[in-house]
K.L.:
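Let me begin by handing over the structure; questions about it come next.
Only a predicted model underlies this, so the values are computations on that prediction, with no experimental measurement involved. The chains referred to below are lettered A, B, ... by the order of the sequence lines, with proteins before strands, and numbering in each begins at 1.
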Protein chains: 2
Amino acid sequence: MAGKTELRRDRLRETLLEIAERRIAENGYRALTARELAAEAGCAVGAIYNIFKDMDALVAAMNTRTGARLERAVAEAFAKNAEAGTPKRQLVLLGRTYLAFVVENPLLWSAIFEQSARLGKEFAEKREAENTRLVGHIVRPLKVLLPGAGEERLALVARALFAAVHGIVSLGFQRRFLAESPKEAEEQIVFIVEAFCDGAALQKG
Amino acid sequence: MAGKTELRRDRLRETLLEIAERRIAENGYRALTARELAAEAGCAVGAIYNIFKDMDALVAAMNTRTGARLERAVAEAFAKNAEAGTPKRQLVLLGRTYLAFVVENPLLWSAIFEQSARLGKEFAEKREAENTRLVGHIVRPLKVLLPGAGEERLALVARALFAAVHGIVSLGFQRRFLAESPKEAEEQIVFIVEAFCDGAALQKG
DNA sequence: TCACAACTTTGAACGACGTTCAAGATGGTT
DNA sequence: AACCATCTTGAACGTCGTTCAAAGTTGTGA
């Protein structure tokens with residue numbers, strides 16, 4: 001065992017994911033077809049199905065990578081500024097980081113949500129772990145902002161804040177596909193997050 | 001002129017939209033096929049294309065109706081509570097109304113955004129007028145909340161607030177397709193909108 | 001070294017999709 | 001009634017994701 005076949009599989013797996021990532025980054029989620037993918041990878045269409053259950057599984061694997069990159073970007077931004085700065089500044093930074101990632105990877109990012117929307121809840125639930133990690137970064141500054149709140153409350157507020165920022169990014173992205181308004185989206189994020197922080201601080205302390 | 005053909009066209013147009021609306025409400029955006037639609041409407045597949053340029057145009061027409069219903073629901077909720085209540089209460093009410101509409105029309109609502117996502121910016125721009133009307137309802141209470149702000153600033157903040165609430169609804173909807181969490185989504189909306197209002201009021205007098 | 005069983009890879013074929021368009025039915029006008 | 005314009009039809013086209021019988025490889029024991 002442990003022979004050529006496995007090696008070829010692993011290499012092909014990697015190749016397929018790389019091609020898929022590049023194609024989607026350039027032309028979007030819907031522009032990826034099994035035939036073109038196989039042609040560029042130099043394998044038969046059927047070969048894809050030896051490695052991935054179906055095209056959705058392939059895209060899901062690619063989306064997991066994108067999610068990991070995003071999480072890394074957020075973690076780094078947070079690590080750089082964890083000590084310095086108020087919770088408010090930190091939360092604004094996180095929002096900005098999220099937006100910056102989306103501006104740089106618009107089609108890869110939207111592939112995540114297009115697929116989730118298409119495949120419904122039982123699929124989206126599999127991604128919950130990733131989302132929880134992402135939201136985890138929000139919880140920390142939030143703890144300082146709302147010292148009285150319990151874990152559950154914090155998680156709810158963190159999810160709400162994440163969803164709010166996500167909504168701004170998402171609609172901003174939809175309105176003008178890329179060009180016109182990262183600037184406005186940024187203003188919106190800053191306004192919402194700051195107002196939220198000020199208001200939340202009033203409520204609890 | 002003005003004869004049978006036109007009448008039949010209008011009737012068929014109506015029939016097609018009604019069937020599409022029911023089918024999507026029951027089984028989702030992706031479950032609508034030209035063949036099934038034609039079969040249920042009792043016409044040939046080609047007949048659909050005499051009335052609509054393509055299936056996207058049909059769905060777009062249906063989405064416009066859904067948007068109009070949503071706008072009406074929001075307008076009514078606002079009309080009932082325009083006089084009484086603080087801006088904060090009014091904005092929370094608007095958020096709740098939006099959520100309630102989505103809970104009652106989940107698949108029709110998500111058809112709007114699935115299509116916009118699929119067809120990209122030049123399509124989404126056509127829907128801008130509808131969005132502006134919807135956001136208009138937010139501007140009014142916001143004017144009271146931020147008496148110093150100019151029109152442009154108000155529009156930006158209104159869009160931000162709309163996007164934030166939309167994000168909460170959208171992700172809440174994606175996480176658990178329908179069942180588990182309208183309650184949590186409502187809590188999140190109330191929290192975000194209230195905190196936002198308190199914080200925003202601090203910023204501007 | 002070779003034969004053989006187990007496994008992998010292949011690509012033509014399948015069914016379903018949106019869409020088209022030549023041929024046939026139907027409309028209003030003379 | 002005869003006619004042309006217009007609408008309607010559904011088989012056919014190209015494309016999609018996916019499958020699976022056949023062909024090719026691989027690793028092993030005699």
K.L.:
Check every atom of dG18(C), dG17(D), dT9(D) against the side chain of Cys43(B) and return the nucleotide holding the closest atom.
P.N.:
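Between dG18(C), dG17(D), dT9(D), the one nearest the side chain of Cys43(B) would be dT9(D).
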K.L.:
To the nearest Å, give me how far apart CG (Asn50(A)) and C1' (dG11(C)) are.
P.N.:
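In whole Å, dG11(C) C1' lies 12 Å from Asn50(A) CG.
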K.L.:
Please lay out, stage by stage, how Arg22(B) and Glu18(B) fare under the test side chain to side chain contact (heavy atoms under 4.5 Å, CB included).
P.N.:
CA-CA 6 Å; Arg22(B) 191 168 45 68; Glu18(B) 276 167 21; over 6 Å; no
K.L.:
Let me know the distance between CZ of Arg9(A) and P of dT8(C), rounded to the nearest Å.
P.N.:
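Rounded to the whole Å, the gap is 7 Å.
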K.L.:
Looking across every strand, which nucleic acid part, if any, lies under 4.0 Å from Arg35(B) by heavy atom: base, sugar-phosphate, or nothing?
P.N.:
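Contact class for Arg35(B): base.
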K.L.:
In whole angstroms, how far is the P atom of dC7(D) from the CZ atom of Arg11(B)?
P.N.:
16 Å
K.L.:
Looking only at side chains, do Asn131(B) and Arg159(B) share a donor and an acceptor under 3.5 Å apart?
P.N.:
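The criterion, which ignores hydrogens and geometry beyond distance, is not satisfied for Arg159(B) and Asn131(B).
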K.L.:
Taking atom C1' of dG18(C) as reference, at what distance in whole Å does atom CG of Leu37(B) sit?
P.N.:
12 Å
K.L.:
For Ile51(B) and Gly46(A), find the nucleotide of DNA chain D closest to each by heavy atoms; which residue's nucleotide sits nearer the 5' end?
P.N.:
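Nearer the 5' end of the strand: Ile51(B).
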K.L.:
Look at atom CD of Glu26(B) and say whether more than 12 heavy atoms of other residues, nucleotides or ligands are closer to it than 6.0 Å.
P.N.:
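Atom CD in Glu26(B) is crowded, with more than 12 foreign heavy atoms closer than 6.0 Å.
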K.L.:
Picking from dG17(D), dG11(C), dT9(D), which would you name as closest to the side chain of Ala44(B)?
P.N.:
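When the side chain of Ala44(B) is considered, dT9(D) is the closest of dG17(D), dG11(C), dT9(D).
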K.L.:
Measure the distance from CG on Asp10(A) to P on dT9(C) and round it to the nearest whole Å.
P.N.:
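Rounded to whole Å, this separation is 11 Å.
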K.L.:
Between dC17(C) atom C1' and Tyr29(B) atom OH, what is the distance in whole Å?
P.N.:
13 Å
K.L.:
Which part of the nucleic acid does Leu32(B) contact within heavy-atom distance under 4.0 Å: base, sugar-phosphate only, or nothing?
P.N.:
sugar-phosphate
K.L.:
Does any part of the side chain of Ile189(B), heavy atoms only, come nearer than 4.5 Å to the side chain of Val169(B), both counted from C-beta?
P.N.:
yes
K.L.:
Identify which nucleotide among dT10(C), dC17(C), dG17(D) has an atom closest to any side-chain atom of Tyr49(A), counting heavy atoms from C-beta outward.
P.N.:
dG17(D)
K.L.:
Of the options dT20(C), dT9(C), dG17(D), whose atoms approach the side-chain atoms of Val45(B) most closely?
P.N.:
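Selected nucleotide (nearest to the side chain): dT20(C).
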K.L.:
Report yes if at least one side-chain N or O of Arg8(A) is closer than 4.0 Å to OP1 or OP2 of dT9(C); otherwise report no.
P.N.:
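Checking Arg8(A) against dT9(C): at least one side-chain N or O falls below 4.0 Å of OP1 or OP2.
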K.L.:
Tell me the interatomic distance from Met55(B), atom CE, to dT15(D), atom P, rounded to whole angstroms.
P.N.:
20 Å
K.L.:
Which heavy atom of Ile168(B) sits nearest a heavy atom of Gln188(B), and at what distance?
P.N.:
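Shortest heavy-atom separation between Ile168(B) and Gln188(B) comes out as CG2-OE1, 3.2 Å.
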K.L.:
What is the distance, rounded to the nearest whole Å, between atom CD1 of Ile48(A) and atom P of dG17(D)?
P.N.:
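Taking atom P of dG17(D) as the reference, CD1 of Ile48(A) is at 9 Å.
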